Protein chains: 2
Amino acid sequence: MSTPPDQRQYHHGDLRTALLTAADRSVRAHGVAQLSLRDLAREIGVSHAAPRRHFPDRQSLLDALAENGYTRLGERIRAAVASGDDGFAPRLRRAASAFAHFATENPALLELMNAAKHRPGDSPVSRSADTAFAPLVDLIREGQDRHVLRAGPFEEIGLILYATMNGIATLINNGLVDATRLDDLTAAAVNQFLRGAAPHG
Amino acid sequence: MSTPPDQRQYHHGDLRTALLTAADRSVRAHGVAQLSLRDLAREIGVSHAAPRRHFPDRQSLLDALAENGYTRLGERIRAAVASGDDGFAPRLRRAASAFAHFATENPALLELMNAAKHRPGDSPVSRSADTAFAPLVDLIREGQDRHVLRAGPFEEIGLILYATMNGIATLINNGLVDATRLDDLTAAAVNQFLRGAAPHG
DNA sequence: GCCGAGATGTTGCCATTGACAACATAAGTA
DNA sequence: TACTTATGTTGTCAATGGCAACATCTCGGC
């Protein structure tokens, strides 16, 4: 009844997912530039043109990866923030740390997320990016509500924090800064963010 | 005596420079991914294999561009800092602004500078990167000396500021943030950097 | 002046790639 | 069952990066 185990079926079943999985692994191992659609097809065992049914071109595969990345990043930040009912500062630190580790554990993905040419207005990618921003912005707003942060444009402030963490991860991922400094830099960035570099009044 | 003006000479004269110039323009116009060595060769009017004499492979051309970028960025920051003998804060603002504008005027170059896989230890690229960091770190140290900044690990602090500006530029270059917000975000980032987000005292 | 070596360019070739078109097969549905 | 759509396949093309073999220029030592 059932097809012989090692006989290739005409239809793969879930090629799209298989492609994304294989692409993620390939990109992780060899970098974005090396990713080849034909390679993926070979690895999965389908013809070289099969991926085209799911991703019209190379970039759309990369976009899907990036989108997925933003989603996972958002979840991770959310989880970090929610993983304890302690004070504001510890939660902020956990959020920053979550970002930092996600970004350095997935260097190629971060590159993809940053490089995905986000069209004006809303593409799926930039919408998922907003989803990743959100928990950070929410956290800032909460800090302001609790008067642990000065009042101010929370979206802008969240953006700056996000940018800082993104920048740190970029420096580390490209070897401009030693990876062992990740946690120190993250902690220092959060401190900097909270109390500033100038001496107090 | 002299060669007829429109007769192609066997030797170009300064192919390396011509390649870098053409590559810069191409990358600026069509992005890094689209850059083709053969295209450059055609545009310059040499054979498709000529570039190989100056850049063994595509990546080394890109590395050279990145290196050049770091050099120019460093100069620009240095100039901004030196362009007035006023107080520390204004100079810091000018430095940040210089970075911001350089990075958003040269999006592809920034991508290149960030993506140039910096080898462990010192490649030409990472050495030129250090040269771009230097004026920022010097400025921080000066601020500390003048007690306008709290004492602290100036290299780390400079790195964090650099990361922040880098991150902001990345967000804007990829359309995640509207380009018109550049100056506001830069100013806000510097403020954040100086006085922090938390209420004083 | 000459000549030989190294630098710089050229031609020809190859495997790989992304993209496309035409065709084949499976799956779902009226 | 017959029609329609989704999903794969084969074949082809132009372009690319990289390599090897060959051509030409430049320059320094003699």
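In what follows, chains are A, B, ... by sequence order, proteins preceding strands, each numbered from 1. Everything quoted here is computed from the prediction, not taken from an experiment.
A salt bridge between A:R91 and A:E142 is present, with a side-chain N of the basic residue lying under 4.0 Å from a carboxylate O of the acidic one.
For B:R52 and D:dC19, the shortest distance from a side-chain N or O to OP1 or OP2 is below 4.0 Å. Residue B:S36 places at least one side-chain N or O under 4.0 Å from the OP1 or OP2 atom of D:dG17. An OP1 or OP2 oxygen of D:dA6 is reached within less than 4.0 angstrom by no side-chain nitrogen or oxygen of A:H54. A:R42 has a side-chain polar atom (N or O) that falls below the 4.0 Å cut-off from OP1 or OP2 of C:dT17.
In this structure, the CG atom of A:D14 is 15 Å from the C1' atom of C:dA27, given to the nearest Å. The interatomic distance linking A:L19 (CG) with D:dT7 (P) rounds to 12 Å, in whole Å. Atoms CZ (B:R38) and C1' (C:dG12) sit 10 Å apart, rounded to a whole Å. Rounded to an integer number of Å, the gap from CD of B:Q34 to P of D:dA15 is 14 Å. A:R53 has its CZ atom 14 Å from the P atom of C:dA19, to the nearest Å. Atoms CG (A:D57) and C1' (C:dA21) sit 17 Å apart, rounded to a whole Å.
Between A:Y70 and A:F133, the distance separating the two ring centers is not shorter than 6.0 angstrom.
In terms of polar N and O atoms assigned as donor or acceptor, the side chain of B:H48 comes within less than 3.5 Å of the base of C:dG12 in a complementary pairing.
Side-chain proximity of A:A49 to D:dC19, C:dC20, C:dG18: nearest is C:dC20. Comparing atom distances between the A:R58 side chain and each of D:dG17, D:dT9, C:dA19 picks out C:dA19 as nearest.
Only one option out of B:R28, B:R76, B:R72 pairs with B:E105 in a salt bridge (Lys or Arg N to Asp or Glu O under 4.0 Å); it is B:R76.
Where B:L35 and A:A50 meet DNA chain D, the nucleotide closest to each residue was compared, and A:A50 sits on the side nearer the 5' end.
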task: Evaluate the criterion side chain to side chain donor-acceptor pair (under 3.5 Å) for residue pair A:D14 and A:T17; output intermediate values, then yes/no.
output: CA-CA 6 Å; A:D14 195 0; A:T17 302; 2.8 Å; yes
query: When you look at B:N114 and A:N174, which way does the side chain to side chain donor-acceptor pair (under 3.5 Å) test go after all the steps?
result: CA-CA 7 Å; B:N114 280 335; A:N174 293 313; 5.1 Å; no
